[in-house]
Protein chains: 2
Amino acid sequence: MTSSETGRAMLDPSPGTIGVQGDSAGGPRQQSPEKSPRPMRADAKRNYDKILATARIVFTERGTDSSLDEIAKRAGVGPGTLYRHFPTREALVDALMQDWTDRVAADADAAIATGLPAREMLLGWFEHFIGHITLHRGAASKICAAMDDPASPMYRKCRVMGDANRRVIDHLDQAGDLRPGVDAANVMRLVSGVASVADTSHAELDVRPMLEVVVDGIVHT
Amino acid sequence: MTSSETGRAMLDPSPGTIGVQGDSAGGPRQQSPEKSPRPMRADAKRNYDKILATARIVFTERGTDSSLDEIAKRAGVGPGTLYRHFPTREALVDALMQDWTDRVAADADAAIATGLPAREMLLGWFEHFIGHITLHRGAASKICAAMDDPASPMYRKCRVMGDANRRVIDHLDQAGDLRPGVDAANVMRLVSGVASVADTSHAELDVRPMLEVVVDGIVHT
DNA sequence: CCACAATACGGAGACTGTCTCCGGTTTAGC
DNA sequence: GCTAAACCGGAGACAGTCTCCGTATTGTGG
């Protein structure tokens, strides 16, 4: 949190502006562009939004393992309604991920735009990334699991973030700043792992030292 | 698993021989050397062992999040008995950790004894370490959490493994093979994080590439 | 504006897993 | 063998997940 704030201050772009080329959007019901006859009833959308807003609060307060029935209750709907809209907990987390994926992508482009030296650029980008995916306790490890699992509802959004990371890596690679053979997907896994340990650790530990090792293992000597 | 096996073949020491200076032992009831009047009744020890043996099997089959009541059932005891011996799931995992901590410590010393170049030595040691802590699915992330949480029952054993790692790191550092300022605890966290992502990932992914980045970030340029 | 089919709601409850309490049983020491 | 201490185990309280289906709401065609 603190590190996220610090990092953010360092290279904050005109926030929420830069367009993301990825899929994004894809809110309720419109996942498949074709074959979507009806746009969703008014009361349905109302409840959908209420559940999402409540989940955002509860997940922030108590993490992504909070009781789903409680979220339903606090949203003022029955459990059945919640489970119809979000068949699994992952689906709910996925819907919430929309909040960051755009920002993450924007942060990646902003990091590139800073033109800082490779080390600083990577450090800043990684800290931003981690700041986002650790917003809700428990989310980081779920992302780790979804990253390489195409069957996961979160897979798509993981790819958007993966692409953002690839842009940063490719940019530095083309500038000759990285060691040969650096794999963006691998870096993504590693940094997500760092996020995961920071998230699960009961102690409030600083991710910086771990990131420095990772960065040193990536940048050209 | 494969990587573990591979690594193991590479530097297998006379297995289970090298003494660990740490606490180790500490089996049922004797945690506190003083103030331990009675050694534990025969039937109690019998059940304790039966539960442990069953847990070893079930945790290997289905991971450390298996139902504890089922373990009790398969061990032929009531849930009450299981919970009396192991008040929390962590306590049970901790008891099972005894299986590896000794081996892990031995592996560290064996790695040092190989006298391989820093890169290879670290790679081998890390792979061994990860091979052990990912034996039961879900254990790695529990270890990540316990590592910096002195209140956890697993904390002690984490320290034993942490000390083993420190020996390897210190050895290489004194040989001048590492970058200045490398922190063993930090490395431990990082490598455990790698184990954690490998463990939670649904895809059977290779830890080697991630470890190479970590190692490159540690060794002297 | 109203009827009515499609759609969505929500809560009762089945199911699973955690953990406790306590009457009954086993053990160890005499 | 006898007794007190230690231990057993299962009934059951509790919490969370998830489903089924009778009821209510919506929006559309007449």
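Proteins come first, then strands; the chains are lettered A, B, ... in the order of their sequence lines, and each starts at number 1. Values below: every heavy atom of this structure, side chains too, minus hydrogens, waters and symmetry copies. Keep in mind that this is a model prediction, so the values were computed, not measured.
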Note to self: Nearest 0.5 Å, please: how far is CG in B:N165 from CG in B:L122?
What the structure shows: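 One finds 8.5 Å between CG of B:L122 and CG of B:N165.
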
Fill in: From CG (A:D148) to CE (A:M188), nearest 0.5 Å
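Between atom CG of A:D148 and atom CE of A:M188 there are 10.0 Å.
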
In whole angstrom, give the distance that lies between atom [atom1] of [X] and atom [atom2] of [N].
X	N	atom1	atom2	value
B:D49	D:dC7	CG	C1'	15 Å
B:K73	C:dT18	NZ	C1'	13 Å
B:F86	C:dC19	CZ	P	14 Å
A:I71	D:dC18	CD1	P	12 Å
A:N47	C:dC9	CG	P	5 Å
A:K45	C:dC9	NZ	C1'	17 Å
B:L82	C:dT20	CG	C1'	13 Å
A:M40	C:dA8	CE	P	7 Å

Please confirm whether the shortest side-chain N or O distance from [X] to OP1 or OP2 of [N] is below 4.0 Å.
X	N	answer
A:H85	C:dC9	yes
A:S67	D:dT17	yes
A:R89	D:dC18	no
B:R84	D:dC7	no

Practice problem: Would you mind classifying the nucleic acid contact of B:P79 as base, sugar-phosphate or nothing, using non-hydrogen atoms under 4.0 angstrom? | Solution: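 Here B:P79 touches the bases of the nucleic acid.
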
Anything under 3.5 Å between a donor and an acceptor, one on a side chain of residues 88-97 of chain B, the other on a protein residue two or more places apart or in another chain? List them.
from: B:T88; atom 1: OG1; to: B:E90; atom 2: N; distance (Å): 3.4
from: B:T88; atom 1: OG1; to: B:A91; atom 2: N; distance (Å): 3.1
from: B:R89; atom 1: NE; to: B:T64; atom 2: O; distance (Å): 2.7
from: B:R89; atom 1: NH2; to: B:S66; atom 2: O; distance (Å): 2.1
from: B:E90; atom 1: OE1; to: B:S152; atom 2: OG; distance (Å): 3.3
from: B:D94; atom 1: OD1; to: B:K157; atom 2: NZ; distance (Å): 3.2
from: B:D94; atom 1: OD2; to: B:K157; atom 2: NZ; distance (Å): 3.1

request  = Determine, for B:D206 against B:R208, whether the closest basic-nitrogen to carboxylate-oxygen distance falls under 4.0 angstrom.
outcome  =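 No, no charged N to carboxylate O under 4.0 Å.
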
Q. 5'-most contact on DNA chain C: A:G80 or B:T88, nearest heavy atom basis?
A.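 The answer here is A:G80.
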
5'-most contact on DNA chain C: A:D69 or A:T81, nearest heavy atom basis?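 Of the two residues, A:T81 wins.
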
For residues 86-111 of chain A, which residue pairs pass the ring-ring contact (aromatic ring centres under 6.0 Å, His included) check, not counting sequence neighbours?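 Output for this query lists A:Y48-A:F86.
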
Check the pair B:K142 / B:D149 against salt bridge (Lys or Arg N to Asp or Glu O under 4.0 Å), numbers first and verdict last. CA-CA 11 Å; B:K142 282 179 174 56; B:D149 174 22; over 6 Å; no

- [ ] Without swapping roles, check the side chain of B:S196 against the backbone of B:S192 for a donor-acceptor pair under 3.5 Å.
- [x]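 Such a contact is absent between B:S196 side chain and B:S192 backbone.
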
**Q.** DNA chain D contacts made by residues 51-64 of chain B, counting heavy atoms under 4.0 Å
**A.**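 Nothing qualifies; none.
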
Is any side-chain N or O of B:D43 under 3.5 Å from a base N or O of D:dC8, one able to act as donor and the other as acceptor?
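It does not, because no donor-acceptor pair links the side chain of B:D43 to the base of D:dC8 below 3.5 Å.
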
Side-chain donor/acceptor contact of A:R41 with base of C:dA8 under 3.5 Å: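 For A:R41, whose side chain was compared with the base of C:dA8, there is no donor-acceptor pair (under 3.5 Å).
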
